[in-house]
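Notes to accompany the following structure.
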Amino acid sequence: MKKRNELEKIMFHPTGTDLKPYEWMISATPQQEWIDKKGIFLLLAFFFTEIGAGLYFISLFYQYRTGLILGWLISLILGGGVHVLYLGNPFRAWRMLMKPQTSELSRGMWIIGIFAVAGFVQIVTSNFGPVFNVIMGILSLLIISHGFMTMNVIRALAAWSSTMVIPLSIISGVWIGCQMFQFMLAVSGNQMAQSFEIWSQILLIVYFVCVLLYIWGTYHASETAEKSISLMLKGDLAKYFYGGVVLIGFMLPLLITLKMWDGDINAGLIFLRLALIFAGDIAMRYIIMKSAMYQPLI
Amino acid sequence: MARWGMVIDVKRCIACWSCTISCKEEHFLPPNVFWNRVLIGEAGKFPTSRKLIYPVLCNHCADAACVDACPTGATYKREDGIVAVDYDKCVGCRACLISCPYQQRTYYDEEKKNAEYFPGQGKTEYEKIGEKLYPFTCGTVMKCNFCTERIEEGLEKGLTPGTDDEASPACVIACPVGARIFGDLDDSESEISRLIMEKNGKQLHPEFGTEPAVYYID
Amino acid sequence: MTYKTDEIWEDKWVNTTCGVCYCGCACRVRVVNGVPVKIEGIKESTMGGTGAGLCGKGVAGLMYYHDPNRIKKPLRRTNPEKGFGVDPKWKEIEWDEALEEISTRMKKIMEDNPNKILFTNQTMRASDGPHNHLYFYAKAFGIPNNGNFIIGGGSLHCGNAAHMLGGLIHGAWSIAPDWRYTKYVLKWGSSKGTGSGHSALINARLRADGIRRGIKEIVFDPMGNFAGGKATQWVAILPGTDTAVGLAIANYILNTRGEIDELYLRAKTNFVYLIREDGTFIRDKETDKPLVFDEKAKTIKVFDDPSIAFEDFALEGDYEHNGEKCRPCFMALKEHLKQFTPEWASKISTVPVATILEIAKGWVDNAQIGSTITIEGQTFPYRPVSSVTFRGSQGHSNGIHQVASIDLISQLVGAEDVPGGTMGWPSRRPKYPGGQYERMPKVGKDGVIVPSVFYSHDPWPVHPPTYPCTNSGCVEFWSHSTLSHIPYVKEKNYIQEKFGVEKVQPEMIFGIAVNFLISQSDWDVALDNFKDCFVVLMDIWVNETDQAIGDIILPDTSYLEKDTWSSEIDSFFFSGSPSYEDWYVHLQKPVAKPVGESRDFMNVYLDVANRVGVLDKYHELLNEYYSITDEKLKLKPGEVLTWKEIGERILTWVYGNDKEKIQEQGFATWHKEIEDVYWRWNMPTRCPVYMEFLIHDRRAAEKIMKDTGFELEMEMDQYGPLPNWFWPTSHKELDNEFDLLAFSYRDILHTNNSTFQNPLIDEVSQMSPYTFTITLNKGLADEKGFKDGDIIWMENKYGTKENGIVKTMEAQHPKVLGVCGQGGLWADGRPIAKGKGSNFCKLLPSYLRHYDPITGNIETSVAVKIYKD
């Protein structure tokens, strides 16, 4: 956001955006509730829920119990907890189960609820039967895409209803899940960490291609969506995009990946890469949430 | 059962903001909360540009995005077409607020509750009595209710919303140039149905498919 | 959600009159448990908008009562230093102490010369009620005319020229289109019907209905905002150049098309009066009446000779009277207009030639000359074209010529006070049925209407300039100024010295709810001119003028606390309905108890008058003003009454037996006869469109100037009988550096600067793109490298500057910049207003040459340069 000059501070109530009150819904108007102030909790909630589910998803393939437990905990305790913190009336959270027929949020709550119970059963019983695994896999993917799915159904925000939003969210969840998984393998000295690197190499590229496709697709979706992308690439959010998504989320992880290209993996570097893609992914989510704008009314 | 709707005659409107301010007084809305606004813009280029004036409020959509988005059922569609909010059920997730293409919803929180019309000088008697007469619940989302109270009380007295002031929304009766016409969209004989037909009433952003109950004529 | 009914012990509506601007719309206030909580209009009254509609600022008026910044007790300045940025070090004092000091000072001054006391009030009613009582209150102190008033409120931007012409032509304060029957409206820098001006909501309601019916409304304005933005056609024009277009249209009507309402011109104007070579009227030796030529009798007669039929008054021809050649002055007009071609007008005004011609053609085509209409069984000439002006176009150093040329268009087609035409506000108000009080205009010298009520100064009969002057306004010299400009003029001391006023230098100011220091022109000049007075002001808060120069500030009640019977009785001539609608008169009924120790200023007036010893005189003047003949009701010597008690008597006089009913419901309504609306052909008056008196005025003024050695620049050529083109001072000051004309306009949300302190209005002002910003044409901004949100400075040739935030718009003339009036406030007593918007007024230079030499209007546009912060 631009710094407000002295006269502006006196004359105009802060809108929380660069718009003056008289520009509201006359220029493309950024959404604020789901990113500014307490809205930042929602970003974190979506992030934790999804990376937790991502870790669960990957761990499922390897029947890696520590990963499952950690994934389950991150998704539910961190993700769910932060979710509840965001709410205006947290004690009424149970009411969110009331409208699954129309509300994506409500459906998400059901899925999280089912995942919580089923995951708990799986972890406790160590049941990795194919049926159970398929169910848990699907649930994990649904949870990974929960946040972006909730955003995606909002037709009023063109940047979110873009077609690449769901693929991007799934890839991002899986990508981070797999990095956490690899890191856990690496620190526990599990040799599988080495052979897993190939997935990291592939997913890093796929993830970034998805980001680019999101940008390309959204840019061409509508006039307002184009403004959102311009804000990312040229406007106030450019620093987060180039610094966060491109440099921290892709270039630096790419350097680390290239460094380990000859198969010489190293827990320290994997940790560093994980930290970077955490930051990069949060930046990616932040700018997608922050850049969404409503089409002017007149 | 009626389906309440509104026609706003943009040709008549002179952007005096009476609708906005009357609405605030009717519902004792705190500072910087608006259930009714006037948008002012421009179209075209000098010297043939046109001033655009659009009073906006909740559209009470037939297929409301907010109703669909609400996970608790706090936001719901009444039989008379009014999109209402039950503050007792609202969890404050703001999915409705985010979903509304018209951005007619406001999240009411401690900051808004504590805001003063004369900042730093305490609440006026007007604000204090408003909190008693028309209380809001922190952590919930609020918006225009088409003055449901007036409509319901009016109907009980045998009055007709849109015809009798007492039974009509505050913004409708406040308009000094008769730019707001309220009535039953389902009644093809009603004044608003006739105006929509005759003057080719238009909704804002019909492409969102929400079927607003507020129409504009020029 | 439902109301918590168990906590409510009172929930009622009180009828009163809105006091947020000077329109005085009917309003009612919801009061819950003694607290005013909502304001609406009154459906049963046409004093205002559609149904129970009321404009936004009227609805927001609630906050005048609730504002914690209201003054609760009288304040005394303890810091003798005065000026901007000086802390007055207020001390609260008791009412008695304040009133004793005021009256003691007044008595002392009056022993010397009462003309050393200046009075001032405002043109809105945040605190006002009985508008015009101030003028005869001052009379009680021995102040005979309007020379002792400092214009407050709308200041000299308001309407010295418009009021003068409204009075001369219509016997009314202002003019409006007959929205009900008109088809074609020209608005020149006026926002009638789009939210501002007199009877704003009555006009807005009637206009909205008319526009829906298909009226064509053409607005000449530097910006397409309130009026232009709603017009069917907005024509961008440079400020102060309306005269040029008006004269070109008049030339088209008269000389190109030759389609005029001859009968009207013969019957209802002074164009038939015979003039000699030098342009002055030939008068009958015995009666001093102007002479006319009777075409039928082929002889010269006095103008009001009943033997002449309307159609026989000669408009043209060369005649001889007592050996002197003469001709009707219409011929002078006809020749005079020939020079004003559309091409010429286009170069001055920037309005394209084709546009001028198209509008002129539309005017003549729509005028339906010769047609009649029958309404309520009565037949009137039907002229559905109307040309109106107000604050914008008339506020220039060529103001009188602006309004006269705009009026001339209506005159030529006979569209004056007939259905569809240009209307004055009601010029006559008959008795309330069963009541006693009425106001009827008279036919004055030369057949010109003498208004039944007019503020401060009657426009007719006119008086040529004389000297020595007796008051600081020098109104003996500037005899056409509604209120004088001299108190604000930079060369005030020089002027007063030349005109013999140095011995009556003002020593005291007594005013109500004014902010004259910052709402007129150059602040420093105003400060210099007023700071040495002992300044007593009544207001509901401490404003900029109070803070800078106030010595004693008295807490007034707001309009919501007033019990004022007198607010509307005489307002028909500027705030009733100019249309054919029933008469409505409203009272101000108290909605809540006075805040703190605040007192209604009328009671303070009475108290001061009593202490000074002029109360009996004031009573006498009131008896006279209301023509009270009933001894029981007369105010008697020695009586000490409150304003309410006085009201009990006067209301009985005005309303007879219905008094109590009217007091109870808060308003009175009775039928308006149609001939009181369309009175033009029922009253034997003639419009003085040929302003012959200005020839005499010029001679008198020039003699005085010569005799006194008066050397200040005054454009004496403006003293001519026919509307003519003169460049406004602002245009003369344009050059390569100061290349833009800044102008101001009224925002629908604001009344001068009082509304800036209202938080409900403040909120929506922020959502209005042009209210707090400086507007520039988008192309101009691009060219100069400015964009939305930039802070820029506007600076005039005299080094005065003001900053603000840029808002670009397409609908603005590319050579101007617009500022909505009176922002840029700084008083500590009004924290909501502080710093909001930009102040335009301070940019107006205040040398005598910046004023209309005839009416005293200030030039309200100014050459400026702009640059980034």
Side-chain angles (χ1 to χ4, degrees), chain A residues 13-15 21-27 29-39 42 45 83-84 86-110 150-151 153-158 160-161 222 224 289 292-298, chain B residues 10 31-32 34 37-43 52-54 56 59 63-76 86-111 115 119 137-141 204-205 207-210 216:
Chain A
H13 186 79
T15 58
Y22 59 75
E23 292 166 319
W24 180 86
M25 291 307 272
I26 287 161
S27 304
T29 300
Q31 78 84 14
Q32 293 172 262
E33 286 300 336
W34 276 10
I35 194 65
D36 292 343
K37 296 182 185 166
K38 263 174 88 179
L42 207 63
H83 251 112
V84 169
Y86 165 77
L87 296 177
N89 284 294
F91 296 111
R92 297 176 184 169
W94 61 271
R95 286 190 180 273
M96 295 176 79
L97 295 165
M98 304 302 284
K99 281 273 295 306
Q101 61 276 31
T102 65
S103 163
E104 189 54 42
L105 207 54
S106 195
R107 284 194 278 267
M109 289 303 119
W110 275 100
T150 311
M151 287 152 58
V153 294
I154 294 166
R155 295 183 58 195
L157 292 166
W160 291 358
S161 49
S222 75
T224 314
M289 290 179 87
M293 287 192 248
Y294 294 98
Q295 195 178 333
L297 287 177
I298 61 173
Chain B
V10 176
N32 284 298
F34 304 96
R37 299 179 191 237
V38 182
L39 301 184
I40 296 169
E42 266 191 315
L52 303 176
I53 303 173
Y54 278 86
V56 294
N59 281 299
D63 197 357
C66 56
V67 172
D68 285 351
C70 176
T72 69
T75 285
Y76 64 104
D86 183 341
Y87 299 133
D88 292 339
K89 287 187 183 160
C90 177
V91 70
C93 71
R94 288 158 265 178
C96 55
L97 196 160
I98 289 284
S99 305
C100 174
Y102 311 101
Q103 285 300 285
Q104 291 303 323
R105 291 172 160 259
T106 307
Y107 180 62
Y108 181 76
D109 56 9
E110 287 291 331
E111 190 188 322
T137 309
C138 268
T140 64
V141 172
L204 290 178
H205 288 325
E207 71 275 16
F208 287 114
T210 55
Y216 295 83

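Computed over heavy atoms, backbone and side chain alike; hydrogens, waters and symmetry mates excluded. First the proteins, then the strands, lettered A, B, ... as listed; each starts at 1.
- Judged as a side-chain hydrogen bond (donor to acceptor under 3.5 Å, both in side chains), not a single pair has a partner in residues 87-97 of chain A (not counting sequence neighbours).
- Contact annotation for B:E110: neither backbone nor side-chain heavy atoms come within less than 4.5 Å of a heavy atom of chain A.
- Contact annotation for A:P296: only backbone heavy atoms (N, CA, C, O) come within less than 4.5 Å of a heavy atom of chain B.
- In this structure, chain A has a heavy atom under 4.5 Å from the side chain of B:N32, while its backbone stays farther away.
- For chain A, no part of B:T210 is nearby; none of its heavy atoms comes within less than 4.5 Å.
- Residues B:R37 and A:M25 fail the side-chain proximity criterion, which asks for heavy atoms closer than 4.5 Å.
- Proximity to chain A (any heavy atom under 4.5 Å) is shown, for B:V91, by both the backbone and the side chain.
- If you measure heavy-atom distances from A:L157 to chain B, the contacts under 4.5 Å come from the side chain alone.
- Residues passing the salt bridge (Lys or Arg N to Asp or Glu O under 4.0 Å) test with B:R94 are A:E33, sequence neighbours excluded.
- Across A:Q295, A:M109, A:H83, the residue that shares the most heavy-atom pairs under 4.5 angstrom with chain B is A:Q295.
- Interface check for chain B: of the options A:T29, A:I298, A:L42, A:V153, the most heavy-atom pairs under 4.5 Å are formed by A:I298.
- Ranked by non-hydrogen atom pairs under 4.5 Å with chain A, the options B:C90, B:G73, B:A69 are led by B:C90.
- A distance of 6.5 Å separates CG of B:D109 from NZ of A:K37, quoted to the nearest 0.5 Å.
- Nearest heavy atoms, A:A156 versus B:P101: CB-CA, 3.4 Å.
- Note that the CG atom of A:L87 and the SG atom of B:C93 stand 7.0 Å from one another [nearest 0.5 Å].
- We find the SG-CD1 distance between B:C100 and A:I154 to be 11.0 Å, quoted to the nearest 0.5 Å.
- Residue B:L97 touches chain A through both its backbone and its side chain, counting heavy-atom pairs closer than 4.5 Å.
- To the nearest 0.5 Å, atom CE of residue A:M96 and atom SG of residue B:C70 are 9.0 Å apart.
- Taking B:D68, B:T72, B:I98 one by one and counting their heavy-atom pairs under 4.5 Å with chain A, the maximum is reached by B:I98.
- Looking at B:A65, there are no atoms closer than 4.5 Å to chain A (heavy atoms on both sides), in backbone or side chain.
- Looking at A:I26, only its side chain comes within 4.5 Å of chain B, counting heavy atoms on both sides.
- Without hydrogens or angle criteria, A:Y294 side chain to B:Y102 main chain gives no donor-acceptor distance under 3.5 Å.
- Although no hydrogens or angles enter the test, the distance criterion places no donor-acceptor pair under 3.5 Å between the side chain of A:W24 and the main chain of B:L39.
- Looking at A:L97, only its backbone comes within 4.5 Å of chain B, counting heavy atoms on both sides.
- Nearest approach of A:L297 to B:V56, heavy atoms of both residues: CD1-CG1, 4.1 Å.
- Under a 3.5 Å cut-off, the side chain of A:K99 and the backbone N or O of B:V67 do form a donor-acceptor pair.
- Contact between B:P71 and A:L105 at its shortest, heavy atoms only, is CG-CD2, 3.8 Å.
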